[in-house]
Asks: 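After the structure tokens below, expect a handful of questions from me.
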Amino acid sequence: MSLKNNNTSGSDFILLDVFYGTQIPWFMFILTVLALFVTLFGNATIIILIYTDSHLHSPMYFLLSQLSFMDILYISTFVPKMMYSFLSGNYHISFIGCGAQLFLFMTLVAAECLLLAVMAYDRYVAICHPLRYTIFMRPSICVLMVIGCWLGALLNALIHVIYTLTLPYCMSREIHHFFCEIPALLKLVCTDTSQYEKGLFVSGVIFLLPPISGITASYGRILSTVVRIDSTMGLKKTLATCSSHMTVVSLFYGAAIIKYLLPKSYHSPKQDVVVSVFYTILTPMLNPLIYSLRNKDVAKALRKILKK
């Protein structure tokens, strides 16, 4: 661990050693590596299935492929650096590296918030307005909505990252977190950041509450429509498709709300680390498992590939 104190430029940050914070560091390291490979394999498999199976060439699966792509980028932003730091004992991250990690993280979090709302809207149109589905969710509109998710997230991330990295930092460069995140970085700033923290909270509200409201409204309408379905098979298929998405939504938004909207007095720094591990490592790993196990179309496409 001596590398923590040597060979560091004045602008480097030092990240938290999340594995040695546990009583079984090597076991936790192995679990994290397994989570990385499961996430990469699972999400890559879903993307390949969607683009090779013609039965999955629909707006719902196009959006699902975008979610899988985001999850691959998401876990790749943190875990390889965590693995390298643990094995080498070097927990330093350069100022530019920290900025890049922060930018990718903020972009992906915001983009996924918006994309999950678009996926809920897709299910709403498919179930409540099936005759207009090909009009409201035609390919050009799907692409525009996805581009809108990425552009909105990129703009938000750019503003926050530029402002955060131009703040004056104190001599202490030890970040009490396993990756560069704005709340952790603000603790190292030498000036009052209370006004900016309020702006950060407003930004969190904008990227969380409207999508959550849209998702809630969409599934409220879906539920009222589903109740009137006479076909038992149709009802089961609808519930199976929507339950997969709602499980993913609950995991992602639940962790995000705890981390960014609840007052600091409701969660300790250690709890913040646990929540961060949940939505940066566990959620991207669980998403493909949820969709492949609960979605018959994806499972059928997977079986077709395995039989070849």
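In what follows, residues are counted from 1 in the order of the sequence shown.
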Asks: So do Phe179 and Ile93 actually touch side chain to side chain, heavy atoms under 4.5 Å?
Replies: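 When only atoms from C-beta onward are counted, Phe179 and Ile93 do not touch, as no gap falls below 4.5 Å.
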Asks: Minimum heavy-atom separation for Thr77 to Leu108, with atom names?
Replies: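 Where Thr77 meets Leu108 most closely, the heavy atoms are OG1-CD1, 3.9 Å.
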Asks: For the hydrophobic clusters of this structure (ILVMFWY residues joined by side-chain heavy atoms under 4.5 Å, transitively), does one cluster hold both Ile182 and Ile162?
Replies: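 Ile182 and Ile162: one cluster.
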Asks: Could you state whether Val146 and Ile135 fall into the same hydrophobic cluster, counting links through intermediate Ile, Leu, Val, Met, Phe, Trp or Tyr residues with side-chain heavy atoms under 4.5 angstrom apart?
Replies: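 Val146 clusters together with Ile135.
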Asks: Leu15 and Cys180: side-chain contact (heavy atoms from CB on, under 4.5 Å), yes or no, with the steps?
Replies: CA-CA 8 Å; Leu15 296 172; Cys180 291; 4.2 Å; yes
Asks: Just wondering, more than 12 heavy atoms not from Ile96 lying within 6.0 Å of its CD1?
Replies: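 No.
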Asks: With sequence neighbours excluded, tell me which residues meet side-chain contact (heavy atoms from CB on, under 4.5 Å) with Phe37.
Replies: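 Phe37 satisfies side-chain contact (heavy atoms from CB on, under 4.5 Å) with Val33 only.
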Asks: Considering residues, nucleotides and ligands other than Phe62, do more than 12 of their heavy atoms fall under 6.0 Å from its CZ?
Replies: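 For Phe62, atom CZ is crowded (more than 12 foreign heavy atoms under 6.0 Å).
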Asks: Do Ile222 and Cys128 touch side chain to side chain, with heavy atoms closer than 4.5 Å?
Replies: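 They are in contact (side-chain heavy atoms under 4.5 Å apart), so the answer is yes.
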Asks: Could you tell me whether a side-chain N or O of Ser94 sits under 3.5 Å from a main-chain N or O of Gly97, the two making a donor and an acceptor?
Replies: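 Yes, Ser94 side chain to Gly97 backbone: donor-acceptor pair under 3.5 Å.
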Asks: Mind checking whether Tyr74 and Phe78 have parallel, tilted or perpendicular rings, split at 30° and 60°?
Replies: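 Judged by the thresholds at 30° and 60°, the geometry between Tyr74 and Phe78 is perpendicular.
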Asks: Please verify the inter-ring angle class for Phe95 with Phe13; under 30° counts as parallel, over 60° as perpendicular, anything in between as tilted.
Replies: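 Parallel, since the angle between the ring planes stays under 30°.
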Asks: Considering the options Val38, Asp71, Leu36, Ile75, which one meets the side chain to side chain contact (heavy atoms under 4.5 Å, CB included) requirement together with Met285?
Replies: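 Among Val38, Asp71, Leu36, Ile75, the one that satisfies the side chain to side chain contact (heavy atoms under 4.5 Å, CB included) with Met285 is Val38.
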Asks: Nearest 0.5 Å, please: how far is CZ in Phe252 from CD in Glu112?
Replies: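 The CD atom of Glu112 sits 4.5 Å away from the CZ atom of Phe252.
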Asks: Measure the spacing between SG of Cys98 and CG of Asp12 and express it to the nearest 0.5 Å.
Replies: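 Reported to 0.5 Å precision, the distance equals 10.0 Å.
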Asks: Determine the minimum heavy-atom distance between Pro168 and Thr191, stating which atoms define it.
Replies: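 Closest approach of Pro168 to Thr191, heavy atoms only: CG-CG2, 3.5 Å.
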Asks: In the structure I gave you, are the side-chain heavy atoms of Met60 and Met137 within less than 4.5 Å of one another anywhere?
Replies: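 Contact flag for Met60/Met137 side chains = no.
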Asks: Of all heavy-atom pairs between Ala120 and Ile215, which one has the smallest distance, and what is that distance?
Replies: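 Looks like CB-CG1, 3.7 Å.
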Asks: Test Leu73 against Leu104 for side-chain contact (heavy atoms from CB on, under 4.5 Å), laying out the working first.
Replies: CA-CA 8 Å; Leu73 293 179; Leu104 283 170; 6.0 Å; no
Asks: Could you work out, with ring pair (Phe, Tyr, Trp, His ring centres under 6.0 Å) as the rule, every residue matching Tyr253, not counting sequence neighbours?
Replies: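 Ring pair (Phe, Tyr, Trp, His ring centres under 6.0 Å) check on Tyr253 returns nothing, list empty.
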Asks: Decide yes or no for Tyr133 and Pro59: does some side-chain heavy atom of the first lie under 4.5 Å from some side-chain heavy atom of the second?
Replies: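 Tyr133 vs Pro59: side chains touch.
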Asks: Distance from Leu200 atom CG to Thr164 atom OG1, nearest 0.5 Å?
Replies: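 It is 7.0 Å, given to the nearest 0.5 Å.
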Asks: Within the 4.5 Å heavy-atom criterion, are Ile206 and Asn156 side-chain neighbours or not?
Replies: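 Answer no - side chains too far apart.
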Asks: Walk me through whether Gln101 and Lys81 qualify under side-chain contact (heavy atoms from CB on, under 4.5 Å).
Replies: CA-CA 10 Å; Gln101 195 178 67; Lys81 172 60 180 170; 4.3 Å; yes
Asks: Under a single-linkage definition using a 4.5 Å side-chain heavy-atom cutoff for Ile, Leu, Val, Met, Phe, Trp and Tyr, are Ile290 and Phe41 assigned to the same hydrophobic cluster?
Replies: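 Different hydrophobic clusters.
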Asks: To the nearest 0.5 angstrom, please state how far the CG atom of Leu185 sits from the CD1 atom of Ile175.
Replies: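 Rounded to the nearest 0.5 Å, the CG-CD1 separation comes out at 4.5 Å.
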Asks: What's the shortest heavy-atom distance between Leu114 and Pro211, and which atoms?
Replies: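 Distance-wise, the nearest heavy atoms are CD2-CG, 4.2 Å.
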Asks: Would you say Pro288 and Val298 make side-chain contact, with heavy atoms under 4.5 Å?
Replies: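 Not in contact.
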Asks: What about Val202 and Leu208, same hydrophobic cluster or not, with Ile/Leu/Val/Met/Phe/Trp/Tyr joined at side-chain heavy-atom distances under 4.5 Å?
Replies: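 Result: no, two separate clusters.
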Asks: Kindly indicate whether the side chain of Tyr219, heavy atoms from C-beta on, has any atom under 4.5 Å from the side chain of Tyr124.
Replies: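 The answer is no; the side chains never approach within 4.5 Å.
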Asks: Might you work through the side-chain contact (heavy atoms from CB on, under 4.5 Å) test for Tyr51 and Ile47, ending with a clear yes or no?
Replies: CA-CA 6 Å; Tyr51 283 96; Ile47 292 173; 3.8 Å; yes
Asks: Out of curiosity, does Phe178 fall in the hydrophobic cluster containing Trp26 (side-chain heavy atoms, cut-off under 4.5 Å, transitive links)?
Replies: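 Yes, Trp26 and Phe178 fall within the same hydrophobic cluster.
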Asks: What distance separates Tyr91 OH from Glu174 CD, expressed to the nearest 0.5 Å?
Replies: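 So the OH of Tyr91 and the CD of Glu174 are separated by 11.5 Å.
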Asks: Is the shortest side-chain heavy-atom distance between Leu67 and Ile46 below 4.5 Å?
Replies: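 Of all side-chain heavy-atom pairs linking Ile46 with Leu67, none is under 4.5 Å.
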Asks: Has His55 got more than 12 heavy atoms of other residues, nucleotides or ligands less than 6.0 Å from its NE2?
Replies: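 Result for NE2/His55: open.
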Asks: Considering all heavy atoms of both residues, which atom of Leu115 and which atom of Leu63 are nearest to each other, and what is their separation?
Replies: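 Closest approach of Leu115 to Leu63: CD2-O, 3.9 Å.
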Asks: Using every non-hydrogen atom in the two residues, find where Leu56 and Ala301 come nearest and quote the distance to one decimal.
Replies: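 Nearest heavy atoms, Leu56 then Ala301: CD1-CB, 3.8 Å.
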Asks: To the nearest 0.5 Å, tell me how far Ile48 CD1 sits from Asn43 CG.
Replies: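 The distance works out to 11.0 Å.
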Asks: Treating Ser85 as the side-chain partner and Met82 as the backbone partner, does any N or O pair qualify as donor plus acceptor under 3.5 Å?
Replies: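 No, Ser85 side chain to Met82 backbone: no donor-acceptor pair under 3.5 Å.
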